[in-house]
Novice: 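Quick one: the structure is below, questions incoming.
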Protein chains: 2
Amino acid sequence: MQKYVQLLKQNKIKITPQRLQIIQFLDTHHTHPTAEDTYKTLKKNNPALSRTTVYNSLETLRKHHIIQELTISGNEHCYDFKQGSHHHFLCRTCGLILDIDIKCPNQDRLLHNGHHIEEVHGYFKGLCKNCANKQKNKKVKP
Amino acid sequence: MQKYVQLLKQNKIKITPQRLQIIQFLDTHHTHPTAEDTYKTLKKNNPALSRTTVYNSLETLRKHHIIQELTISGNEHCYDFKQGSHHHFLCRTCGLILDIDIKCPNQDRLLHNGHHIEEVHGYFKGLCKNCANKQKNKKVKP
DNA sequence: TATTAAATTGTAATGATTACAAATTAGTAA
DNA sequence: TTACTAATTTGTAATCATTACAATTTAATA
């Protein structure tokens, strides 16, 4: 927990129990939770928690680049504490979001185009291995 | 206009004036319009047009990969008629979405991972050239 | 310990999208 | 050309994620 305190201090953000809980949740659940996921989970141990606080905190953490906000689904924002450049895969059937550990090789080239790049998002969408197999089996059966 | 008719025929989609108007709009406005943008513009020449029709049509066109649905902003879907693989840049200040004419070199590699990739989205977010310059000038002035 | 700006809370509002049922229409076959 | 049917369009109402806002509370500092 102390490492989260350090993280907030380094970023000159006020240290609140809510923020620490949110960071800890994201650090221990690399499933790319939404604000609602985060709220529902943390509400169990902290019934006084407000949904607005979760939204506000996630936004603050995002602005300081402590977490990354994914717009892969288009319906809702997902959050990722994982450090380092990586991509994501979204299954259109089960909704699973997977980490794809590759880096965009074009990233550096783009910095010289006059535009100031702050975030790089690589999204792949389709059917995950599991759902692709289920799909196949369905088609085989009469 | 005939080319849009062909496009729908090839995809075995019913040809309706609404769908033709929507495709034409996207083909002649490569500004990545939202459903609402599309609705408002086409409503002028066709006051009977329904917002739901625009949403339905865009979804149909997307499912047939005639248009691409971008989730770059996180607030709303944007649509792109442009053919061929390319990426996008979103300016966080002015909201402009630019085409970035590069292809993801990892695309093929991923096909061998068990997951079935249907769409590749490369999103870069930051400050566009214009907004980056304005930002600089602001800081220089006292 | 007192102060103050910032954060939290709960409720209400917003905005994009979807659900749904009735009316209309495109494509097909007689 | 006409009749039929399934698909599409339309308008309204609902939903869902997110934001606005004002009152209360709290973290950081002196």
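Letters go in sequence order (proteins before strands), and every chain restarts at 1.
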Novice: ring-ring contact (aromatic ring centres under 6.0 Å, His included) with His32(A): which of His88(A), His77(A), His86(A)?
Specialist: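 Result: among His88(A), His77(A), His86(A), His88(A) is the only option passing the ring-ring contact (aromatic ring centres under 6.0 Å, His included) with His32(A).
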Novice: So if I take every side-chain heavy atom of Ser50(B) and compare against dT8(C), dG11(D), dA16(C), which nucleotide ends up nearest?
Specialist: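 Nearest to the side-chain atoms of Ser50(B), counting from C-beta on, is dG11(D).
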Novice: Between dT8(C), dT10(D), dA16(C), which one does the side chain of Arg19(A) approach most closely?
Specialist: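 Among dT8(C), dT10(D), dA16(C), the one nearest the side chain of Arg19(A) is dT8(C).
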Novice: Could you measure the distance from the CD1 atom of Ile15(B) to the CG atom of Leu8(B)? Nearest 0.5 Å is fine.
Specialist: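 The CD1 atom of Ile15(B) sits 5.5 Å away from the CG atom of Leu8(B).
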Novice: Tell me which of Thr34(B) and Lys14(B) sits closer to the 5' end of DNA chain C, going by the nucleotide each one is nearest to.
Specialist: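 Nearer the 5' end of the strand: Thr34(B).
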Novice: When you measure from the side chain of Gln18(B), which nucleotide among dA16(C), dA26(C), dT10(D) comes out closest?
Specialist: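 The answer is dT10(D).
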Novice: In whole angstrom, give the distance that lies between atom CD of Gln21(A) and atom P of dA7(C).
Specialist: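 Whole-Å distance recorded here is 16 Å.
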Novice: Nearest of dG27(C), dA17(D), dT8(C) to any side-chain atom of Thr16(A)?
Specialist: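 Shortest atom-to-atom distance from the side chain points to dT8(C).
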Novice: Starting at atom NZ of Lys9(A), determine the distance to atom P of dT29(D), rounded to an integer number of angstrom.
Specialist: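 Atom NZ in Lys9(A) sits about 9 Å away from atom P in dT29(D).
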Novice: On DNA chain D, compare the nucleotides closest to Pro17(B) and Asn75(B); which residue's is nearer the 5' end?
Specialist: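 Its nucleotide being nearer the 5' end, the pick is Pro17(B).
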Novice: Ile15(B) CD1 to dT9(D) P: how many Å, rounded?
Specialist: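 Taking atom P of dT9(D) as the reference, CD1 of Ile15(B) is at 12 Å.
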Novice: In whole angstrom, what separates His64(B)'s NE2 from dA7(D)'s P?
Specialist: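 One finds 12 Å between P of dA7(D) and NE2 of His64(B), rounded.
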Novice: Does Tyr55(B) have a side-chain nitrogen or oxygen under 4.0 Å from the phosphate oxygens OP1 or OP2 of dT18(C)?
Specialist: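 Answer no for this pair, as no side-chain N or O of Tyr55(B) is under 4.0 Å from OP1 or OP2.
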Novice: Between Tyr123(B) and Tyr123(A), what is the ring plane arrangement, given parallel below 30°, perpendicular above 60°, and tilted in between?
Specialist: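 Ring orientation, 0 to 90° scale: perpendicular.
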Novice: Whole angstrom is fine here: how far is it from CG in Leu58(A) over to C1' in dT18(D)?
Specialist: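 So the CG-C1' distance, Leu58(A) to dT18(D), works out to 12 Å.
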Novice: Below 4.0 angstrom from OP1 or OP2 of dT18(D), is there any side-chain N or O of His77(A)?
Specialist: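 Affirmative; the distance criterion is met.
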Novice: Ignoring the backbone of Ser57(A), work out which of dA28(D), dG10(C), dT8(C) is nearest its side chain.
Specialist: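 Output: dT8(C).
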Novice: Once you measure the plane-to-plane angle for Phe81(A) and Tyr4(A), does it fall in the parallel (<30°), tilted (30-60°) or perpendicular (>60°) bin?
Specialist: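 Answer is perpendicular, since the angle exceeds 60°.
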Novice: Lys63(B) has an atom NZ; how far is it from atom P of dT18(C), in whole Å?
Specialist: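 So the two atoms are 11 Å apart, to the nearest Å.
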Novice: Return whichever of Ile13(A) or Glu36(B) has its heavy-atom-nearest nucleotide of DNA chain C closer to the 5' end.
Specialist: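 Its nearest nucleotide being more 5', the pick is Ile13(A).
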Novice: Of the candidate nucleotides dT17(C), dT9(C), dT10(D), which contains the atom at the shortest distance from the side chain of Thr53(B)?
Specialist: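 The answer is dT10(D).
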Novice: Return the CG to CD1 distance between Leu42(A) and Ile22(A), rounded to the nearest 0.5 Å.
Specialist: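 Spacing of CG (Leu42(A)) from CD1 (Ile22(A)) equals 6.0 Å.
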Novice: Just how far, in rounded Å, is C1' of dA16(C) from CD of Glu59(B)?
Specialist: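 After rounding, the gap between these two atoms is 14 Å.
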Novice: Where the side chain of Thr52(B) is concerned, which of dT10(D), dG10(C), dT18(D) is the nearest nucleotide?
Specialist: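 Comparing dT10(D), dG10(C), dT18(D) against the side chain of Thr52(B), the answer is dT10(D).
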Novice: Separation of Ile22(A) atom CD1 from dA7(C) atom C1', in whole Å?
Specialist: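 Computing the Ile22(A):CD1 to dA7(C):C1' distance gives 11 Å.
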